[in-house]
Amino acid sequence: MSVGSSRPSWEAYFMDITFLVSKRSTCLRRAVGALIVKDKRILSTGYNGAPTGIKHCIETGCIREKLNVASGENHELCRGIHAEQNAIIQAAYHGASIKNATLFCTNLPCSICAKMIINAGIKKICYNSGYADSMSEEMLNEAGINLIKIDTS
């Protein structure tokens, strides 16, 4: 096999990195990773977990499990912040413009993240798995954000 034929596409490359980032997650229910990319450069990364300086769910237990909250519902009942939110916050914190960027995420974003993504000016989302939040996809489509499902299997 030649070197060129085993070289991943840019989308596969960034999606693989997204899954590596998700390994930092401290969520007990779902490990999610996100990258924000522009001009084939990673601007920021994020994974889901508690805010800086706050105990993580791996230490305190999962309030969503205790309350039997279904996936995609009552996002406010969680100690953690979503991977997409962390990636957007990290870009802002470090002064990186993400206007017209692409978000790579292990999962399709929820409706709260979708609103942030729309207002942040992100134009494309590459994701691997869906998410139980139909309003998210509806809003992203209405905003003209290009959604691309990437199968990593």
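Everything numeric in this text was worked out from a predicted model, so none of it was measured.
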| said: Check whether Gln90 reaches the backbone of Ala87 with its side chain - one donor and one acceptor, N or O, closer than 3.5 Å. | reply: no
| said: Taking atom CD as the centre, does Glu142 end up with more than 12 heavy-atom neighbours from other residues, nucleotides or ligands that are less than 6.0 angstrom away? | reply: no
| remark: dist Thr52:OG1 -> Ile81:CD1 (nearest 0.5 Å) comes out at 9.0 Å
| Heavy-atom side-chain contact between Arg29 and Glu65 under 4.5 Å | yes
| query | Just by modelled atom types, is the Gly61 backbone N or O under 3.5 Å from a matching donor or acceptor in the Arg79 side chain? | reply | no
| field | Hphob cluster co-occupancy, Phe104 + Trp10, side-chain heavy atoms under 4.5 angstrom | value | yes
| Shortest non-hydrogen contact from Leu103 toward Ala34 | CD1-CB, 4.0 Å
| Going from CD1 on Ile117 to NZ on Lys124, what distance comes out if it is rounded to the nearest 0.5 angstrom? | 14.5 Å
| said: Would Ser97 and Lys38 count as a side chain to side chain contact (heavy atoms under 4.5 Å, CB included) here? Give the steps. | reply: CA-CA 9 Å; Ser97 172; Lys38 191 173 182 180; 4.0 Å; yes
| note | Closest non-hydrogen atoms of Cys105 and Val32, given as atom of the first, atom of the second and distance, are SG-CG1, 3.8 Å
| query | So, do Cys57 and Thr26 sit near enough that their side-chain heavy atoms are less than 4.5 Å apart? | reply | no
| query | Given Arg30 and Ser71, is the side chain to side chain contact (heavy atoms under 4.5 Å, CB included) satisfied, shown in steps? | reply | CA-CA 10 Å; Arg30 180 192 321 252; Ser71 181; 2.7 Å; yes
| message | Determine whether Phe19 and Asn128 satisfy the following criterion, side chain to side chain contact (heavy atoms under 4.5 Å, CB included), listing intermediate values before the conclusion. | response | CA-CA 10 Å; Phe19 277 96; Asn128 178 253; 3.6 Å; yes
| message | Would you compute the distance between atom OG1 of Thr102 and atom CD1 of Ile42 and round it to the nearest 0.5 angstrom? | response | 12.0 Å
| Can you find a pair of side-chain heavy atoms, one from Asn74 and one from Glu76, that are under 4.5 Å apart? | yes
| Are Ile36 and Met116 in one and the same hydrophobic cluster, where Ile, Leu, Val, Met, Phe, Trp and Tyr link if side-chain heavy atoms are under 4.5 Å apart? | yes
| request: Look at the rings of His75 and His82 and say which category their plane angle falls in: under 30° parallel, 30 to 60° tilted, over 60° perpendicular. | output: perpendicular
| message | Is there a path of hydrophobic side-chain contacts, each under 4.5 Å between heavy atoms of I/L/V/M/F/W/Y residues, joining Met139 to Ile122? | response | yes
| query | Shortest non-hydrogen contact from Thr106 to Ser22? | reply | CG2-CB, 4.2 Å
| request: Identify the two heavy atoms, one from Ala120 and one from Ile98, that lie closest to each other, and give their separation to 0.1 Å. | output: CB-CD1, 3.7 Å
| task | Answer with yes or no whether the hydrophobic clustering places Leu147 together with Met135; edges join I, L, V, M, F, W, Y residues whose side-chain heavy atoms lie under 4.5 Å apart. | result | yes
| query | If you take all heavy atoms of Met15 and Cys126, which pair is closest and at what distance? | reply | CE-O, 3.4 Å
| request: Please collect all side-chain hydrogen bond (donor to acceptor under 3.5 Å, both in side chains) contacts where either partner lies in residues 39-49, sequence neighbours excluded, each pair once. | output: Arg24-Tyr47, Ser25-Asn48
| For the hydrophobic clusters of this structure (ILVMFWY residues joined by side-chain heavy atoms under 4.5 Å, transitively), does one cluster hold both Leu20 and Tyr13? | no
| query | Between CG of Leu35 and OG1 of Thr18, what distance do you get to the nearest 0.5 Å? | reply | 3.5 Å
| From Ile63 atom CD1 to Leu77 atom CG, the distance as rounded to the nearest 0.5 Å | 6.0 Å
| task | Report the distance from atom CD1 of Ile125 to atom CD1 of Ile150, rounding to the nearest 0.5 Å. | result | 11.5 Å
| message | Set out, in order, the CA-CA distance, both residues' side-chain angles and the distance that settles side chain to side chain contact (heavy atoms under 4.5 Å, CB included) for Leu140 and Glu138, then state yes or no. | response | CA-CA 6 Å; Leu140 293 167; Glu138 180 182 310; over 6 Å; no
